A.B. asks: 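Take a look at this one; I'll ask things after.
Atoms considered below: every heavy atom in the structure, side chains included; atoms not considered: hydrogens, waters and symmetry mates. Throughout, numbering of the chain's residues begins at 1 and tracks the sequence. It should be emphasised that the depicted structure is a prediction, and the values quoted were computed from it without experimental measurement. One-based numbering, in listed order, for ligands and for the atoms of each.
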Amino acid sequence: HYHCSTTCGTTSIVHLFEWRWRDIAEECENYLGPNGFDAVQISPPSENVVVAQPWRPWWERYQPISYKLCSRSGTEQELRDMISRCNKAGVKIYADVVINHMCSASAGEGRRSTCGSYFNASKEEFPSVPYSASHFNDDKCTTASGNIENYQDIYQVRDCRLVGLLDLAHRKEHVRERVASYMNSLLDMGVAGFRVDACKHMWPQDLNAIYGQLHNLNTEWFPEGSRPFIYQEVIDLGGEPIKASEYSGLGHVTEFKYGAKLGSVIRRWNRDKLADLKTFGESWGLMPSNQALVFVDNHDNQRGHGAGGTSILTFWEPRMYKMAVAFMLAHPYGVTRLMSSYRWDRRLLDGKDQNDWMGPPSYPDGSTKPVPINPDGSCGGDWVCEHRWHQIRNMVTFRNVAHGQPLSNWWDNGENQIAFGRGDRGFIVINNDDCTLDASLQTGMPAGCYCDVISGQRTAAGTGCTGKRITVGEDGRARFSIKASEEDPFVAIHSGSKL
Ligand code: LAG
Ligand code: CA
């Protein structure tokens with residue numbers, strides 16, 4: 001029953017990690033809509049346990065207590081207002097839904113939850129859903145600890161507790177109905193789809209049954225009959241029996257190999273080089289492009305959680321990060337997701353971050369701080385806002401302009417200098433070598449003068465250019481010169497940057 005409705009082929013999703021609903025609403029209106037961002041992935045909107053030890057970690061939001069809609073990001077009313085304002089601004093909302101489990105078995109008992117709902121973790125009681133002990137997988141899991149102990153065993157990966165989190169029994173109709181009703185309440189409010197958390201830990205047949213109960217999108221904003229866009233988090237780097245492909249018939253699937261491999265190429269590890277990217281895609285063992293949700297980093301692997309390993313690039317290494325994101329947005333593979341992060345007090349000790357738990361910028365009472373926007377368009381107060389970096393924003397435009405065009409006119413120097421186009425709509429040149437790139441290349445673009453959207457951009461009037469000017473001749477060729485020492489050693493032009 002899965003078919004791409006509004007989103008297949010559309011372009012960039014930005015994960016506004018831990019943002020408040022009020023700030024997201026403003027961001028949709030003031031920035032995302034006007035700049036052609038397709039959608040926002042929001043942090044889990046459901047009620048979660050309040051963790052005090054360590055103090056209010058970001059990961060408490062992956063421990064649901066009920067499907068009531070109050071969280072650190074705001075109230076249900078604020079959520080509703082955000083969805084409606086973003087939809088009006090032409091920006092879809094995808095909700096991160098945590099449905100594999102509830103809170104940790106050791107979370108105790110009481111009302112230390114974000115809406116104050118009562119729960120008893122040791123008795124597996126969540127009366128606000130309601131769930132009780134029979135709705136969990138204890139009878140199915142056969143490990144001694146009750147936790148997942150061996151990822152080579154598909155039964156325990158699906159039926160035991162992921163890091164001690166109470167594992168829901170989706171074979172039972174009551175659980176399916178409760179989960180679907182939660183997702184439907186969001187669809188009815190106007191969300192356009194979901195990032196489904198921890199799908200590796202749920203059986204595809206159970207997910208299929210749940211997705212089958214989902215409503216169409218709300219016709220206040222979407223065409224009659226539109227189905228939700230679903231992307232499932234399945235960490236498959238190879239080497240385990242559970243494969244991403246088991247889920248691709250149900251919806252899109254996260255392609256974790258993408259960021260891991262791209263990171264390694266840009267870091268030039270193990271003699272990996274940009275020229276190798278000529279064939280990037282299926283032949284590298286990646287899933288088919290039309291099933292893949294791709295990203296350079298995500299909220300887990302940017303801090304050493306989840307998977308991807310040490311090759312993952314993040315905002316902490318901005319020069320390489322921008323190159324990776326620009327490559328991803330220029331390249332036709334997959335539906336792309338951008339990360340928008342907050343800075344934290346990173347403390348690397350033997351490669352492990354001691355502060356990988358730290359939550360978003362917040363007040364002493366634990367409430368999340370607003371995202372202030374500086375006069376120059378950057379974010380203040382430890383919000384990184386990678387999506388507001390002009391190089392990244394302008395590449396989001398590139399992807400929209402190039403949408404539907406094939407990869408074309410590939411060039412490389414056999415090492416770390418590459419270039420490629422997207423039909424006659426866009427062209428990018430990247431120099432990750434230690435020497436100058438200076439070449440006359442076939443761009444496939446119509447003749448004319450273009451403004452490089454990396455070193456600058458076209459001025460509002462449309463005739464000026466604050467960056468490098470690139471002249472494409474009648475034969476489609478243009479000369480590019482990029483020094484190895486440049487802060488952003490890449491150049492991109494597209495139909496919309498023609499002067
Ligand atoms: C995910 N995808 O499959 C999320 O992307 C990931 O962020 C979630 O883990 C995970 N699945 C479960 O939803 C995060 C943290 C974990 C954290 C967990 C629950 O990466 O570190 O576990 O959320 O909050 C934490 C502690 C564990 C502890 C567990 C239970 O870090 O040490 O065992 O809570 O108390
Ligand atoms: Ca499970």
A.B. asks: Below 3.5 Å, can you tabulate the donor-acceptor pairs from side chains in residues 41-48 to any protein atom, sequence neighbours excluded?
C.D. replies:
residue: Gln41; atom: OE1; partner: Tyr231; partner atom: OH; Å: 2.8
residue: Gln41; atom: OE1; partner: Arg337; partner atom: NH1; Å: 2.9
residue: Ser43; atom: OG; partner: Glu18; partner atom: N; Å: 2.9
residue: Glu47; atom: OE1; partner: Ser66; partner atom: OG; Å: 2.6
residue: Glu47; atom: OE1; partner: Ser117; partner atom: OG; Å: 2.7
residue: Glu47; atom: OE2; partner: Ser113; partner atom: OG; Å: 3.0
residue: Glu47; atom: OE2; partner: Cys115; partner atom: N; Å: 2.7
residue: Glu47; atom: OE2; partner: Gly116; partner atom: N; Å: 3.1
residue: Glu47; atom: OE2; partner: Ser117; partner atom: N; Å: 3.0
residue: Glu47; atom: OE2; partner: Ser117; partner atom: OG; Å: 3.3
residue: Asn48; atom: ND2; partner: Glu60; partner atom: O; Å: 3.4
residue: Asn48; atom: ND2; partner: Glu60; partner atom: OE2; Å: 3.1

A.B. asks: Which N or O atoms of ligand 1 sit under 3.5 Å from a protein N or O, and how far apart is each pair?
C.D. replies:
residue: ligand 1; atom: 2 (N); partner: Asp197; partner atom: OD1; Å: 2.8
residue: ligand 1; atom: 2 (N); partner: Glu233; partner atom: OE1; Å: 2.5
residue: ligand 1; atom: 2 (N); partner: Glu233; partner atom: OE2; Å: 3.1
residue: ligand 1; atom: 3 (O); partner: Ala198; partner atom: N; Å: 3.1
residue: ligand 1; atom: 3 (O); partner: Glu233; partner atom: OE1; Å: 2.2
residue: ligand 1; atom: 3 (O); partner: Glu233; partner atom: OE2; Å: 3.4
residue: ligand 1; atom: 5 (O); partner: Arg195; partner atom: NH2; Å: 3.0
residue: ligand 1; atom: 5 (O); partner: Asp197; partner atom: OD1; Å: 3.4
residue: ligand 1; atom: 5 (O); partner: His299; partner atom: NE2; Å: 3.4
residue: ligand 1; atom: 5 (O); partner: Asp300; partner atom: OD2; Å: 2.5
residue: ligand 1; atom: 7 (O); partner: His299; partner atom: NE2; Å: 3.2
residue: ligand 1; atom: 7 (O); partner: Asp300; partner atom: OD1; Å: 2.6
residue: ligand 1; atom: 7 (O); partner: Asp300; partner atom: OD2; Å: 3.2
residue: ligand 1; atom: 11 (N); partner: Asp197; partner atom: OD1; Å: 3.4
residue: ligand 1; atom: 13 (O); partner: His101; partner atom: NE2; Å: 3.2
residue: ligand 1; atom: 13 (O); partner: Asp197; partner atom: OD2; Å: 2.8
residue: ligand 1; atom: 20 (O); partner: His305; partner atom: ND1; Å: 2.6
residue: ligand 1; atom: 21 (O); partner: His305; partner atom: ND1; Å: 3.3
residue: ligand 1; atom: 24 (O); partner: Trp59; partner atom: O; Å: 2.6
residue: ligand 1; atom: 24 (O); partner: Gln63; partner atom: NE2; Å: 2.9
residue: ligand 1; atom: 33 (O); partner: Val163; partner atom: O; Å: 2.9
residue: ligand 1; atom: 34 (O); partner: Gln63; partner atom: NE2; Å: 3.1
residue: ligand 1; atom: 35 (O); partner: Ser104; partner atom: OG; Å: 3.1

A.B. asks: Is there a donor-acceptor contact under 3.5 Å linking the side chains of Gln205 and Asn208?
C.D. replies: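 No, no side-chain donor-acceptor contact under 3.5 Å.
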A.B. asks: Can Arg178 be said to sit on top of Tyr131's aromatic six-ring, NZ or CZ under 6.0 Å from centre and within 45° of the ring axis?
C.D. replies: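 No; the conditions do not both hold, so Arg178 does not lie above the ring face of Tyr131.
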A.B. asks: Determine yes or no for a side-chain-to-main-chain donor-acceptor pair under 3.5 angstrom, with Glu109 supplying the side chain and Ala121 the backbone.
C.D. replies: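 Pair absent, no side-chain N/O of Glu109 close to backbone of Ala121.
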A.B. asks: Tell me, yes or no, whether the heavy-atom count around Arg22 atom CZ, taken from other residues, nucleotides or ligands under 6.0 Å, exceeds 12.
C.D. replies: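 No, because the 6.0 Å sphere around CZ of Arg22 holds 12 heavy atoms or fewer from other groups.
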A.B. asks: Distance-only, no hydrogens or angles: does the Lys261 side chain make a donor-acceptor pair with backbone N or O of Trp284 under 3.5 Å?
C.D. replies: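 Such a contact is found between Lys261 side chain and Trp284 backbone.
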A.B. asks: What protein N/O/S atoms are there under 3.0 Å from the Ca ion (ligand 2), waters excluded?
C.D. replies: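 Near the Ca ion (ligand 2), below 3.0 Å, one finds Asn100 OD1, Arg158 O, Asp167 OD1, Asp167 OD2, His201 O.
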A.B. asks: Taking all atoms of both residues into account, what is the closest heavy-atom pair of Arg388 and Cys379, and its distance?
C.D. replies: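 Closest pair (atom of Arg388, atom of Cys379, distance): CD-SG, 3.6 Å.
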A.B. asks: Around atom CZ of Arg112, are there more than 12 heavy atoms from other residues, nucleotides or ligands closer than 6.0 Å?
C.D. replies: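 No, CZ of Arg112 has 12 or fewer neighbouring heavy atoms, counting only those of other groups under 6.0 Å.
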A.B. asks: Not counting sequence neighbours, which residues clear ring pair (Phe, Tyr, Trp, His ring centres under 6.0 Å) with His101? List them please.
C.D. replies: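 For His101, no residue satisfies ring pair (Phe, Tyr, Trp, His ring centres under 6.0 Å) once neighbours in sequence are set aside.
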